[in-house]
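Heads up: the structure comes next, in structure tokens.
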Amino acid sequence: MENKVIYLDNNATTCVAPEVFEAMTPYLCEQYGNPSSIHRFGGNVAAVVETARRQVAELIGAKWRDRDGNASEIIFTSCGTEGDNAALNAAVCARPGRKKVVTSIVEHPAVLHYCDELERRGYTVVKLPVNNLGQLDMDALNKEVDENTAVVSIMWANNETGTIFPIKEACAAAHAKGALFHTDAVQAAGKVKIDVDALDIDFLTVSGHKLHAPKGVGALFVRRGIRFTPLIFGGHQERSRRGGTENVASIAGFGKACEMSLAQLDKEYAELSAMRDELERRVCAAIPQIRINGDTANRLPGTSSISFECIEGESILMLLDMFGICASSGSACTTGSLEPSHVLRAMGIPYSAAHGTVRFSFSRYNTMDDVKYTVEKLVPVIARLREISPYWKG
Ligand code: PLP
């Protein structure tokens, strides 16, 4: 067992950046006031929440400010899942006469399972297909979106393959029929440029722990002027749009993380892409019968989904783990099943490849040495597993 850790699972979660941690600590033991309190102990903290709101807004191009100079299109949430649920709930409430929801088959369960719930409540849910590169079927989208559609929800980028979707076109298609448009930008935020104003997006979800803020904080962008029905009712926090005392320390950290991501967006895009490309170059050169999944011409910079024919992704992960390398598989292993993920299945990846899929995802804290070390260990791991695989014909 190696003691060192090469963490290549940044699409699952990221470490809290030291600067983010520093931005959070004052609001745990010292300035622990409730932002809703009248006294200065609370008021000072309320100002911190507003600064974070501005920082989140700036990351995604939410430009509107209220009279105090704050961007109120941002609602803080507990996570990306809550943001996705809240957006879909608000969208169907804002279009009460419409009973159809259009989404894609490769969305995160935070969207798909809420859509299943809407189906139980009588909505028709259409899950649009993708092709073998994971690209969205835009013809199907244009066909399915109609005057009965309340909302179209298409993720900005897929968490497994990194494939980026045509958000501008999907949003325009939704608006052409009077439907609202939501995008789950949990994987995209902080990695690619986002401008909600330029694209005229109605709802956009972000999650802190994917961009070096802590777990348990996120944000939902809601375009000004859209009637918003909350998912969580309670106090008057977040202008009565999300009850519950604010997670101030995490919100402060989230704001700082957004500010840092925005400041380094281009630099990190280049660095993450370079690491991903080098990993794929080395893997392709050293290992036969592999496939790189997703739209390689249009994907997130730090995501690489690679299928190794005839072996199990879980076995690869376990052996890599012994060398301190952390990645994730393309199977629904968390459910205890070895079914390939719904994303790979939707892309029509053959079972023999889908089962042997590993996702490597990079962050600003990875280096080219991590890439070299990973491939150095990966090559014999694959060879060893293929040697004992009954399916490998070499
Ligand atoms: N949407 C996407 C695309 C994700 O990748 C994730 C998390 O993996 C989520 C939503 C859920 O975010 P959270 O873990 O903050 O609830």
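Every number for a ligand or one of its atoms is a count from 1 in the order of the listing. Only this structure's heavy atoms are used, side chains among them; waters, hydrogens and symmetry mates stay out. Everything numeric here is computed off the predicted structure, so don't read it as measured data.
A354 approaches I349 most closely through the heavy-atom pair N-CG2, 3.8 Å. Between I74 and R241, the closest heavy-atom pair is O-NH2, 4.0 Å.
R276 places a side-chain N or O within donor-acceptor distance of the main-chain N or O of P301, the cut-off being under 3.5 Å. Panel note: side chain D146, backbone T149; a donor-acceptor pair is recorded below 3.5 Å. K99 contributes no side-chain N or O that, together with a main-chain N or O of T124, makes up a donor-acceptor pair within less than 3.5 Å.
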### side-chain hydrogen bond (donor to acceptor under 3.5 Å, both in side chains) between Q135 and D295, worked out
CA-CA 7 Å; Q135 293 163 325; D295 184 356; 3.0 Å; yes

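Listed by chain and residue number, the protein contacts of ligand 1 are C79, G80, T81, D84, H108, M155, N159, D184, V186, Q187, S207, H209, K210 (heavy atom within 4.0 angstrom).
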